[in-house]
Structure formats: structure tokens, C-alpha cells
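The figures that follow rest on heavy atoms only: side chains count, while hydrogens, waters and symmetry mates do not.
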Amino acid sequence: MAAPRFGVNYTPSQGWFHHWLDYDPDAVRADLDSIAALGLDHVRVFPLWPYFQPNRTLIRPRAVEHLVDLADAAAERGLDVNVDGLQGHLSSFDFLPAWTRTWHRRNLFTDPEVADGQAAYLRTLAAALADRPNFIGMTLGNEVNQFSAGPHPDPDRATRAEVDVWLERMLAACEEGAPGKLHLHAEYDACWYQDDMPFTPAQAARRGALTAVHSWVFNGTAQRHGRVSVPTEHHATYLVELSKAWADDPHRPVWLQEVGAPAPLVPPVHAAAFTEATVENALDCPDLWGITWWCSHDVSRDLADFPELEYGLGLLTNDRRPKDTARVLARTAAAFRDGARTYAPAPRTTALVVPDDPAARSVCAPGGAVFEAFFRLTADGARPTTRGRGGGRGVPGAGRRSGNAGSARWLRAEPAWGRRPGRGGPAWP
């Protein structure tokens, strides 16, 4: 297996993502120097959609030039670049163009003219970077599913079928702009956990070049189980393995595209230990494409109104000094880069059966029967994965509905499907 990639979500130290308004190439290069010094190999970058496309038919050339300059500066430092297009949403703030809001209110996922504008924007960014050897590809946008359902206060509702059409068109636009690159979409964990979310696990596990998961233990995991616990330290692993229940390809790559150590649930003094445990556990997952930590630099205290946890998530301080969490990730990346470690996790041959119906996916959420069963098995040393009820996806040798197939062992978290989350446990089918 190819060694996983190690990277970071780039949060500019000066001006946060508002830096696009007064782009400073020297500050960007200093930030990238501090990232490259950690021995990481890629960054994920975030154009702010309204700054780049303030009108549906105006994609600002100067803003695109700044994005290309950032990519070229990254290349000079040995860093590859993934670009998220439709931001969209970052760190509790929404960034949506005026031509989609208030007097021009149109649905982000179903309005034909909005879709035309979005596709043109994604195609333009992809085309601008297509000839750069360090361009990994496009992510459609950061956690755009949060706009499609509650708890967003003003969602742009769509059906699953409408979202599927939207995903297909936006991914095609990226491919048109940069053929053959790694284009994908990425959702926050409601995609896997929330029954009424129109972005589904099947879409996440089948649309795009690979599956992306975003792991945040403030979703109830750390609150329920505590800072030092099997569920908290293996939550990222769980999402990687949960995604495989819906994948048609049993070896589809999975990208742990966001994961971080959120205070106060993970206090700063314990952040390095959490980072090490999370990374090591994720590296025990087969077919892991990479780990991209959130985030590179702390948010400046000069900026107001961020949730408190957002100010301290960086691997580096706002003045570019590495923290202990940075040293953990740097050591791990160096071990793989220098050949001191190889990536060869054993197959996971115990699988929990997961319901295929997206309206039942809350059993996979914190407190749900699948979630709790997975971590009881993990605590027992079973190294579980998951599979869908209709087939053997993700489990080597699987091919029947229940029981044992060769070395594969399948478990159901039943009786559970009709119960409230947190009740029931694993049992043989």
C-alpha cells in the first residue's frame, strides 16, 4: 500500500481567510515555510466564494491569480495543494454571495442559475491550476451539506435526488477544468449521523475520486465518553471504517481530511497525546489516503466573535511557532518519509452490519447502537469495520448476509434498529 499523505488545512496567520481581500504574498510564503518545516506534504486551501465570485457572471481574475500564486509558492516548498471551492462555511461563519441571499434568495442546490454560476466558478479554479504538478484536485466546498438541513438556522432544503444531481454536475465541472485530477466532495459528520440530511453516506462513499471524512469529537463523543476514552481517541478511525459500509469499491481510498483537538474537551495540555492517539489509530485503517490536520495556524485574537475553540486549533501559533501537536505530526510524517515506518495495516475481518436506509443512520451517531458497538469491539481488540446490510462491501471475503465467510466475521448491533440510540449491543446474527 502507498504510504498515507500528511498535511494541514491552511489557515493564514494574517487576516485568517479574509487575507484574500488584501493578499500578501510574503505573509503567505512565511506561513508556508512554517508548514514545510514540519515535513508535511500538502495543504488544503480555501478561497472565500463571495470574494472570488461576487456576481454570478463575475469571477475575479485577480483573485484567481492570487490562488495560483499561493499554489506556486507551495510548490516551491514541496507542498501539494487541494483547493476547496464553495466556501461556504468556515469556523461557524457562512460566506455566501449576495446573488444567492435576501432579495436574490435562490436555493444553493436546486436553482438552475445558481448551479450555472457554481459550475462556472469551480471549472475556472480547476482550469487555472490544471497544469500545476502540485495541484491535487478540487474539493467542491467545505462541508456544504450544513446548508441543506437543520441545525442551520436558514437551510436551503433539497431532496436526496436533487443533491445527487448537484454533486454530479459540480464534480463534472471540476473534471472539465482539470481532467484527471483528484476531485471530491466533503461533508461534516451529519452526512453519516443525521437521519434527515439529504447528503447521504452512499453519495459520500461513491461520488468523487475518494471518500472524505471530517472527525470532530465535540459532536457528543467527548462529552459522552470523556477526553481519554476509546471512542474519543478512535473517532476518526470509526468514520474511516464507517464509510466503507456504503463503498462499492472495497479498497476505495478514504481521506481523513479534517481532524483536530478542540478545547476545552481536549485541553491544550493534552492535545499532543490526543493527536498522537488519533493519528496512530487512523493509521491502522487500510486504504487511508491521508491525514490533513485542522489547522495550520491559530486564529488571531485580534479577530472577534469566533467560537473560543477556534482560536487554538493550530499546529502553529499565530506567530508561526510549532506546538507539541505539530511535533507529533512532524515525527510521524518523517518516519514514513524516511522509510523508518511502512504502511501495511492488516485487513479488518470483523464487521458491524449497518442499515442501508439513510433515514436510519442515527444508529451510527454517538449514543447509537452501531457507534457504541463499534467501540466495545475496539476496546476488546477486535479492530472492527462496517458493511452494508445488502452486501459485503469493505470486508475481505464477505459475500453472504450474516455469519462467517472465510476469515470475515460479521456482527449486528441488534436488537437496535427500532430502539433509541444507546440501547442494545452487539450480538451474533
Side-chain angles (χ1 to χ4, degrees), residues 8-24 27-28 30-31 34 43-54 60 63 66-67 70 84-105 108 139 141-156 186-190 194 214-223 257-268 271 292-321 323 325:
V8 69
N9 292 275
Y10 173 42
T11 49
S13 65
Q14 294 187 17
W16 191 63
F17 298 108
H18 304 299
H19 83 129
W20 296 112
L21 291 171
D22 49 2
Y23 182 80
D24 183 342
V28 166
D31 285 346
S34 64
V43 291
R44 179 176 170 226
V45 303
F46 302 88
L48 289 187
W49 183 18
Y51 298 173
F52 278 64
Q53 191 182 24
R60 294 178 53 242
H66 290 156
L67 176 63
L70 190 157
D84 274 47
L86 298 167
Q87 275 72 243
H89 179 83
L90 288 163
S91 301
S92 83
F93 292 99
D94 288 350
F95 297 93
L96 296 173
W99 47 272
T100 69
R101 301 293 93 183
T102 61
W103 299 106
H104 295 266
R105 179 60 187 263
L108 297 174
T139 302
N142 182 55
E143 300 183 348
V144 292
N145 63 313
Q146 67 97 27
F147 291 110
S148 68
H152 192 279
D154 187 22
D156 288 39
E187 287 77 46
Y188 87 103
D189 60 16
Q194 186 172 315
H214 292 187
S215 174
W216 290 103
V217 297
F218 55 56
N219 65 357
T221 300
Q223 293 93 325
Q257 195 186 45
E258 275 189 29
V259 60
L265 294 169
V266 180
T292 309
W293 201 259
W294 189 280
C295 55
S296 64
H297 299 82
D298 285 345
V299 176
S300 171
R301 290 281 176 180
D302 292 339
L303 297 174
D305 300 328
F306 284 80
E308 182 61 28
L309 68 90
E310 298 286 348
Y311 288 103
L313 289 169
L315 293 174
L316 301 124
T317 63
N318 189 247
D319 58 357
R320 308 187 181 103
R321 290 178 291 111
K323 303 180 190 177
T325 50

> What distance do Leu313 atom CG and Thr11 atom OG1 have between them, rounded to the nearest 0.5 Å?
Replying inline: 8.5 Å
>> side chain to side chain donor-acceptor pair (under 3.5 Å) for Glu187 and His214? Distances and angles first, verdict last.
In response: CA-CA 7 Å; Glu187 287 77 46; His214 292 187; over 6 Å; no
> Is there a side-chain contact between Pro97 and Trp49 (heavy atoms, below 4.5 Å)?
Replying inline: yes
> Is the charged tip of Arg301 near the ring of Tyr311: under 6.0 Å from the six-membered ring centre and within 45° of its axis?
Replying inline: yes
>> The test is side-chain contact (heavy atoms from CB on, under 4.5 Å); show your working for Tyr188 and Asn219 and say whether it passes.
In response: CA-CA 10 Å; Tyr188 87 103; Asn219 65 357; over 6 Å; no
> Of the non-hydrogen atoms in Val266 and Ala261, which two are nearest, and what is the gap between them?
Replying inline: CG1-CB, 4.1 Å
> Can you check whether Asn142's main-chain N or O pairs, donor with acceptor, with Gln87's side chain at less than 3.5 Å?
Replying inline: yes
>> Closer than 4.0 angstrom, basic N to acidic O: yes or no for Arg101 and Asp94?
In response: no
> Any donor and acceptor pair, going by atom type alone, linking the side chain of Asn9 with main-chain N or O of Cys295 inside 3.5 Å?
Replying inline: no
> Can any side-chain N or O of Trp20 pair as donor or acceptor with the backbone N or O of Phe46 at less than 3.5 Å?
Replying inline: yes
> Which of these passes side chain to side chain donor-acceptor pair (under 3.5 Å) with Glu258: Trp216, Trp294, Trp293?
Replying inline: Trp216
>> Looking at Pro12, is its backbone amide N or carbonyl O close enough to the side chain of Asp31 to form a donor-acceptor pair, meaning the two atoms are under 3.5 Å apart?
In response: no
> In this structure, are over 12 heavy atoms from other groups packed under 6.0 Å from His104 atom NE2?
Replying inline: no
>> Would you call the rings of Tyr23 and His66 parallel, tilted or perpendicular, taking 30° and 60° as the class edges?
In response: parallel
>> As a quick check of understanding, evaluate side-chain contact (heavy atoms from CB on, under 4.5 Å) for His19 and Gln14, giving each step before the final call.
In response: CA-CA 7 Å; His19 83 129; Gln14 294 187 17; 5.8 Å; no
>> Taking the side chain as everything from C-beta on, heavy atoms only, tell me whether Phe93 gets closer than 4.5 Å to Phe17.
In response: no
> Would you say Arg60's side chain and Tyr51's backbone share a donor-acceptor pair under 3.5 angstrom?
Replying inline: yes
> Is a side-chain donor or acceptor of Gln257 paired with a backbone partner of Thr292 at a separation under 3.5 angstrom?
Replying inline: no
> Does atom CG of Asp154 have more than 12 heavy-atom neighbours, drawn from other residues, nucleotides or ligands, at distances under 6.0 Å?
Replying inline: yes
>> For the CZ atom on Arg321, are there more than 12 heavy atoms of other groups (residues, nucleotides or ligands in this structure) within a distance under 6.0 Å?
In response: no
>> Quick one, Gln53 and Pro47 - any side-chain contact, counting heavy atoms below 4.5 Å?
In response: no
> Hey, are the side chains of Thr221 and Leu265 touching, using non-hydrogen atoms and a 4.5 Å cut-off?
Replying inline: no
>> Is the shortest side-chain heavy-atom distance between His297 and Ser34 below 4.5 Å?
In response: yes
>> Rounded at 0.5 Å granularity, tell me how far CG in Leu108 sits from CG in Leu86.
In response: 8.5 Å
> Under the side chain to side chain donor-acceptor pair (under 3.5 Å) criterion, do Glu310 and Ser92 qualify, and how do the steps go?
Replying inline: CA-CA 9 Å; Glu310 298 286 348; Ser92 83; 5.9 Å; no
>> Parallel, tilted or perpendicular, judged at 30° and 60°: which one describes the rings of Phe147 and His89?
In response: perpendicular
> Would a distance-only check, ignoring hydrogens and angles, find a side-chain to backbone donor-acceptor pair under 3.5 Å from Ser13 to Asp319?
Replying inline: no
> Could you give the distance from OG1 (Thr325) to CG (Leu315), rounded to the nearest 0.5 Å?
Replying inline: 4.5 Å
